[in-house]
Amino acid sequence: MPDRSFSSTECASRPVRVLKFGGTSVGSADGIKNAVRLVHAATETCRPVVVVSAAAGVTDALVQAAEESRADRGSVEAWTRRVGRRYRALAANTLADEALRARYDTALRAELSELRRALQEMAGPNAAAARDVVLAAGERLMVPLLAAALDASGCTSQAVDAATLIRTDAAHGDATVQWAPTRRQVRDWHRTRAAGLPVVTGFVGETADGKTTTLGRGGSDLSAAVLAWALAAERMERWTDVEGLYTRDPDAHSDAQPLQRIDFEQARAWTKAGRLGMHPCTLDPLMDAGIPLRVRCTHRPAAPGTRIVPAPTLAQG
Ligand code: ASP
Ligand code: MG
């Protein structure tokens with residue numbers, strides 16, 4: 001495949017689009033390979049900024065790891081190994097190239113040391129801050145893996161830790177984005193960044209004094225929306241394992257109807273009420289900037305999914 005490093009001026013004229021992949025989409029080697037294909041396809045028409053969650057189930061495991069390590073330091077090593085095993089297995093099944101596997105292994109070891117250190121701190125006075133470092137490990141282990149998989153496909157990428165981009169307050173575990181410094185950081189980064197398609201950790205932010213924070217469970221949606229807002233992106237795409245949004249939970253209600261288009265006001269009310277399976281604040285920055293959101297299905301990319309659009313767009317059909 002041709003190299004698509006996005007350093008050329010030819011691509012600079014294409015609009016920025018933020019593509020967010022959820023944990024179930026990248027929870028298996030097949031899922032990661034599929035995500036790589038979808039990113040490649042997107043490069044035909046836009047300059048993607050990719051935001052990714054932890055592999056499915058990992059954040060839940062890290063929550064448990066933090067709890068158990070607080071009560072019993074003896075469990076730190078077992079948890080660190082367990083998380084390491086999950087990502088090593090994913091890497092082994094995703095990356096055929098030995099050099100890329102070795103590169104990922106270096107990143108993985110460094111991140112596991114951080115995880116181990118943070119788990120050890122769970123029993124100490126800085127547990128709230130340490131817990132966010134623990135929780136962020138899922139995304140921080142995923143980003144270099146997806147970046148390596150993109151590189152293997154011929155699409156030069158750049159792994160980015162959102163701590164350098166998303167500024168928050170110090171409310172660990174459910175931090176609030178500080179909009180003005182975040183916009184400044186994101187724009188400065190995007191203007192001056194090195195070549196390569198950016199792959200950014202969802203869920204993660206940082207305080208003004210350099211402490212890792214997390215945005216609340218499901219926070220990768222919000223991370224993607226924040227980046228879309230700061231970059232005035234053409235749109236955000238939320239790639240997930242469902243075919244779009246439904247009027248009700250389709251698993252619980254047989255009369256649930258798929259939604260092809262909804263306006264922001266309606267979607268935001270539903271999101272705030274916890275109905276659309278997205279972080280409750282996801283639509284705030286998108287609405288503010290009038291940036292549409294498409295919810296799309298990774299294993300049925302041709303399906304229309306759901307479009308969340310400003311009301312006038314909706315009226316135009
Ligand atoms: N990994 C985090 C969580 O499970 C964030 C996300 O997936 O959006 O809550
Ligand atoms: Mg999620």
Side-chain angles (χ1 to χ4, degrees), residues 18-28 31-32 34-35 49-67 79 82-84 86-87 90 108 111-112 114-115 118-119 128 130-147 159-163 165-166 168 171-177 182 199-206 212-229 236-242 245 267 271-272 274-286 293-298 308:
V18 177
L19 273 53
K20 181 256 174 179
F21 292 92
T24 48
S25 303
V26 292
S28 65
I32 294 171
N34 194 31
V49 172
V50 173
V51 174
V52 71
S53 296
V58 169
T59 310
D60 288 340
L62 290 168
V63 167
Q64 206 186 328
E67 242 159 69
W79 276 111
R82 186 166 153 189
V83 173
R86 173 77 189 276
Y87 282 94
L90 272 179
L108 178 130
E111 188 48 41
L112 290 181
E114 284 298 300
L115 173 61
L119 286 171
R131 183 175 180 275
D132 267 348
V133 176
V134 172
L135 264 55
E139 274 73 9
R140 286 174 166 164
L141 286 161
M142 193 67 229
V143 157
L145 177 51
L146 183 56
V160 182
D161 192 319
L165 302 178
I166 297 183
T168 72
H172 287 288
D174 194 17
T176 299
V177 175
T182 295
V199 183
V200 187
T201 52
F203 190 43
V204 177
E206 193 177 271
T212 292
T213 52
T214 57
L215 305 179
R217 294 304 305 272
S220 298
D221 291 329
L222 178 57
S223 309
V226 169
L227 294 184
W229 165 84
M236 169 176 158
E237 289 183 355
R238 179 177 183 268
W239 288 90
T240 177
D241 61 334
V242 294
L245 304 175
T271 308
K272 295 272 179 214
R275 278 187 52 189
L276 297 183
M278 287 191 284
H279 186 287
C281 300
T282 307
L283 296 176
D284 297 347
L286 298 178
L293 168 63
R294 259 183 95 174
V295 180
R296 304 185 67 180
C297 181
T298 46
I308 300 176

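Predicted model, so just to flag it, every value in this text is computed and none were measured. Counting convention: from 1, in listed order, for ligands and their atoms alike.
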S.K.: Any nitrogen or oxygen of G216, side chain or backbone, less than 3.5 Å from one on ligand 1?
M.R.: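 G216 vs ligand 1: no N/O contact under 3.5 Å.
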S.K.: Go through T214 and D132 one step at a time and tell me if the side chain to side chain donor-acceptor pair (under 3.5 Å) criterion holds.
M.R.: CA-CA 6 Å; T214 57; D132 267 348; 2.6 Å; yes
S.K.: Taking atom CZ of R82 as the centre, does the number of heavy atoms from other residues, nucleotides or ligands within less than 6.0 Å exceed 12?
M.R.: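 12 or below, so no.
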S.K.: With a 4.0 Å cut-off on heavy atoms, is G23 touching ligand 1?
M.R.: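 G23: no contact with ligand 1 (<4.0 Å).
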S.K.: Would you give the length of the straight line joining atom CH2 of W229 to atom OG1 of T182, rounded to the nearest 0.5 angstrom?
M.R.: 6.5 Å
S.K.: Go through the steps to decide whether V204 and T213 satisfy the test side-chain contact (heavy atoms from CB on, under 4.5 Å), and finish with yes or no.
M.R.: CA-CA 6 Å; V204 177; T213 52; over 6 Å; no
S.K.: Please determine whether side chain to side chain donor-acceptor pair (under 3.5 Å) holds for the pair T212 and R140, giving the CA-CA distance in whole Å, both sets of side-chain angles, and the decisive distance to 0.1 Å.
M.R.: CA-CA 11 Å; T212 292; R140 286 174 166 164; 3.1 Å; yes
S.K.: So which of S220, A136, G202, A56 gets nearest to atom 6 (C) of ligand 1, if we judge by its closest heavy atom?
M.R.: S220
S.K.: For atom 4 (O) of ligand 1, tell me which residue out of K20, M278, R217, E139 has the closest non-hydrogen atom.
M.R.: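 Looking at heavy atoms only, the winner is R217.
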S.K.: For ligand 1, which atoms have a heavy atom of S53 less than 4.0 angstrom away?
M.R.: 6 (C), 7 (O), 8 (O)
